[in-house]
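In what follows, a single structure is set out as structure tokens and then discussed.
Chain letters run A, B, ... following the sequence lines, proteins first, then strands; residues in each count from 1. Only heavy atoms go into these numbers, but all of them, side chains included; no hydrogens, no water, no symmetry mates.
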Amino acid sequence: MARYSEFPLSLYNSYTREKEVFKTLHPGKVGMYVCGPTVYSYVHLGNVRTFLTFDVLYRYLIHLGYQVRYVRNITDVGHLVDDIDEGEDKIAKKARIDNIEPMEVVQKYTNDFHDTLKLFNFLNPSIEPTATGHIIEQIQMVQQILDNGFAYIVNGSVYFDVPKYQEAKGNYGRLSGRVLEDLMSNTRELDGQEEKKSPLDFAIWKKAEAMHIMKWPSPWGMGFPGWHLECSAMSTKYLGKEFDIHGGGMDLKFPHHECEIAQSVASDGIAPVKYWMHSNMLTVNGQKMSKSLGNSFTPAELLTGDHPLLKKGYTPMTVRFFMLQSHYSSTLDFSNDALEASEKGYKRLMKAWATLDSLVWKSGNVDLQLDKEITEALDEAYTNLSDDLNTAKCIANLFDLATRINSMANGQLDSGMLSKGTFDRLQKEFPEILRDILGILPEDGGDSGVVDGLMKLLINIRQNARANKDFATSDQIRNTLNELGIQIKDGADGTSYSLN
RNA sequence: GGUCGGAUGGCCGAGUGGCUAGGCACGGGUCUGCAAAACCCUUUACACCGGUUCGAAUCCGGUUCCGACCUCCA
């Protein structure tokens, strides 16, 4: 049976500003679109947080039994670096600086993006369309918007007519809470705006100046698509005119997502998205992580710790775990202290997982209270995930379970105090939640049979030394192993070890 | 300036009209040859001022501070 009926999912919908029970447009199927990166530079940790939110959502939807089509685009058309219409685009600029082809820039940073996501154990989306691969679809959409009278042509560029759209449809600004009059009065004095009828209008097709490298022929001349358009065109192509979930960073809410809605409505006459989801920013010392502030760092810098903001290196799983300990809709502040705390917490859960794997159920006197407690903690883990993806609370449930698992391992509790069914469920679902839903994996690696054999040998030698009260030898073994990152644990029923 | 959001204990971070979030750190204990690990116990909260309520950290109003967006941004 599909688990979504057992643990029905609720999501906070940015559009309605309410938490809503998630109902799919088509039974059992979910269409999800997430705005991907513009590939003109390395992704940084802030980017990772957004994609992580939707990676976990994707995993959870699958786990609940939905059939999910997850589309995440790559923006590989260079959009203008500033407001000035004659400006260079970001990708072209980077290409000029590095003296390479624009598509080499795109390829380089697309590869980096993929490598990074792999590092953090992200699942691949079902479709990863590129803007350059969908120029025709975008031209068609521009034409449709023109045909419907919501855009106009000036000097080879096509602009979306926001005031006219607003008059007809009246929902521009609803998603981001903007009021048109306020936007008008706050419009900055910008160069190169004279082509637009209203400063609120935005380009859906832009004429390419001679210097522009990435350009395509269109009914309006050589040019390139407006930034907001690609997501509308590609989401429509792969998910339909109406689909379930659209996600992205909070900073895309306005104008990007607002414009997406307007474009789809202007083109197809229908609001495209049922549930809008926005992931909040990663901050450093309270400020948004961004390149311009110089407070961002790349995953590579994170691993090595080679950055002024980093006291030491942190592993990808530590970071993934750190991020999941907060709710996606809250800002999350990065700090070394927080990362170090997460590192220890992460290791604690991983050890509990390994311990759980080694536990064997033995028939005994079932403790109904304990049995119930374990069952409830597992249920709550799912209930919390279903409550707008509350990974923080879910992880709290896992820590509660870890305590019980450790107690069973060290003999303070007995596996037989659980019914066979509950024990089996624990052994199955605890790792499932970590591995399949949260995407958290052990990273000690190198735990080969050889290492295990050697460790057993050393532990035996040490046991003998201890039996003979030769503590110099036993401590030497323990201390040396410790220096190698291997921890010796003397328990009630023998000695075990773990790799740190 | 406009719009929106936030302010939780030593640090990070959930949540909620009355019931221990959780992690990390600190302290005490059990275990141990000594440790480590593990387990048990314990301490420090809800920015400020009013209001609603039997009861508010949670709702409402105001104040202060911080942030995001308004321009490319995850």
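- Within 4.0 Å of D333(A), counting heavy atoms only, lie sugar-phosphate atoms of the nucleic acid but no base atom.
- As the counterpart of C65(B), G6(B) is assigned, both hydrogen-bonding distances of the Watson-Crick or G-U wobble pattern falling under 3.5 Å.
- Nucleic acid contact for R348(A): sugar-phosphate only, since backbone atoms but no base atoms lie under 4.0 Å from a heavy atom of the residue.
- Between the P atoms of G1(B) and U63(B), the separation comes to 13 Å (whole Å).
- Between F122(A) and F120(A), the two ring planes are perpendicular [angle over 60°; tilted spans 30° to 60°].
- Comparing atom distances between the A338(A) side chain and each of G22(B), C12(B), G33(B) picks out C12(B) as nearest.
- Environment of OH in Y42(A): sparse, with no more than 12 heavy atoms of neighbouring residues, nucleotides or ligands closer than 6.0 Å.
- C39(B) atom C1' lies 13 Å from atom CE of M408(A), rounded to whole Å.
- A gap of 32 Å separates the P atoms of G61(B) and G22(B), to the nearest Å.
- Taking the six-membered ring where tryptophan is involved, the planes of Y58(A) and Y70(A) are tilted, since the angle between them lies from 30° to 60°.
- If you check every strand for non-hydrogen atoms under 4.0 Å, G46(A) touches a base.
- In K312(A), the NZ atom is crowded: over 12 heavy atoms of neighbouring residues, nucleotides or ligands sit closer than 6.0 Å.
- Listed candidates were G2(B), G22(B), A21(B). Nearest to the side chain of F399(A) is G22(B).
- U32(B) and C66(B) are spaced 50 Å apart, taking the C1' atom of each and rounding to whole Å.
- Rounded to a whole Å, the CG atom of L175(A) is 19 Å from the P atom of A68(B).
- Within 4.0 Å of L398(A), counting heavy atoms only, lies no atom of the nucleic acid at all.
- Shown here is K372(A), whose NZ atom has no more than 12 heavy atoms of other residues, nucleotides or ligands within 6.0 Å.
- The distance between the ring centers of H44(A) and F297(A) does not fall below 6.0 angstrom.
- Within the 4.0 angstrom heavy-atom criterion, no nucleotide atom of any strand lies near H278(A).
- Going from atom CD of E380(A) over to atom C1' of U20(B) covers 13 Å, rounded to whole Å.
- Between the P atoms of C46(B) and A56(B), the separation comes to 14 Å (whole Å).
- Between F7(A) and Y382(A), the ring planes lie parallel to each other; the angle is under 30°, not in the 30° to 60° tilted range.
- With centroids closer than 5.5 Å and planes inclined by less than 30 degrees as the test, F471(A) and the base of G33(B) pass as a stacked pair.
- Taking atom C1' on both nucleotides, A74(B) is separated from A68(B) by 13 Å, rounded to a whole Å.
- L282(A) comes within 4.0 angstrom of a nucleotide base, judged by non-hydrogen atoms across all strands.
- Across all strands shown, S474(A) has heavy atoms under 4.0 Å from base atoms, whether or not it also approaches the sugar-phosphate.
- In this structure, the nucleotide among A14(B), C12(B), C34(B) sitting nearest to the side chain of R462(A) is C34(B).
- Evaluated for a side chain to side chain donor-acceptor pair (under 3.5 Å) with S14(A), the options H257(A), K253(A), H278(A) yield exactly one hit, H278(A).
- Contacts of A341(A) with the nucleic acid, taken as non-hydrogen atoms under 4.0 Å apart, include base atoms.
- Of the candidate nucleotides G15(B), C40(B), C70(B), C40(B) has the atom lying nearest to any side-chain atom of R404(A).
- Heavy atoms from other residues, nucleotides or ligands lying under 6.0 Å from NZ of K489(A) number more than 12.
- Contacts of K288(A) with the nucleic acid, taken as non-hydrogen atoms under 4.0 Å apart, include base atoms.
- With a cut-off of 3.5 Å on both pairing distances, the Watson-Crick or G-U wobble partner of C54(B) is G18(B).
- A 3.5 Å limit on both hydrogen-bonding distances identifies G23(B) as the Watson-Crick or G-U partner of C11(B).
- When the side-chain nitrogen and oxygen atoms of N406(A) are compared with OP1 and OP2 of C39(B), one or more of them lie within a distance under 4.0 Å.
- When the P atom is used for both A7(B) and C41(B), the distance is 30 Å, rounded to whole Å.
- Here the nucleotide nearest the side chain of Q325(A), chosen from G67(B), G23(B), A25(B), is G23(B).
- Taking atom CG of residue N295(A) and atom C1' of nucleotide A68(B), one finds them 14 Å apart after rounding to whole Å.
- The nearest heavy atom of RNA chain B to V179(A) and to K19(A) marks one nucleotide each, and the one closer to the 5' end goes with V179(A).
- Of the side-chain N and O atoms in R174(A), none sit less than 4.0 angstrom from OP1 or OP2 of C4(B).
- Backbone-only engagement by S326(A) is indicated by non-hydrogen atom pairs under 4.0 Å involving sugar-phosphate atoms exclusively.
- Evaluation of atom-type donor-acceptor distances gives no pair under 3.5 Å for the side chain of D490(A) against the base of G33(B).
- Which of A74(B), G15(B), C70(B) sits closest to the side chain of M281(A) comes down to A74(B).
- Within the nucleic acid shown, N390(A) comes within 4.0 Å of sugar-phosphate atoms alone, with no base atom in reach, counting heavy atoms only.
- Across all strands, L252(A) comes closer than 4.0 Å only to sugar-phosphate atoms, never to a base (heavy-atom distances).
- Counting only heavy atoms from C-beta on, H327(A) has its side chain closest to G15(B) among C39(B), G23(B), G15(B).
- Heavy-atom distances to RNA chain B give each of G345(A) and S330(A) a nearest nucleotide, and the one nearer the 5′ end belongs to S330(A).
- At A74(B), one or more side-chain N or O atoms of N47(A) fall inside 4.0 Å of OP1 or OP2 (strictly under the cut-off).
- Using a 4.0 Å heavy-atom criterion, one finds that S407(A) contacts the sugar-phosphate atoms exclusively.
- The shortest distance between the side-chain N/O atoms of K489(A) and the OP1/OP2 oxygens of A38(B) is not below 4.0 Å.
- For K393(A), whose side chain is taken as the heavy atoms from C-beta onward, the closest listed nucleotide among U32(B), A36(B), G15(B) is G15(B).
- Judged by atom type and distance alone, R478(A) reaches the base of C34(B) through a side-chain donor-acceptor pair under 3.5 Å.
- Straight-line distance between the C1' atoms of A35(B) and U30(B): roughly 15 Å, to the nearest whole Å.
- The separation of G15(B) from G9(B), taken at their C1' atoms, amounts to 15 Å, rounded to a whole angstrom.
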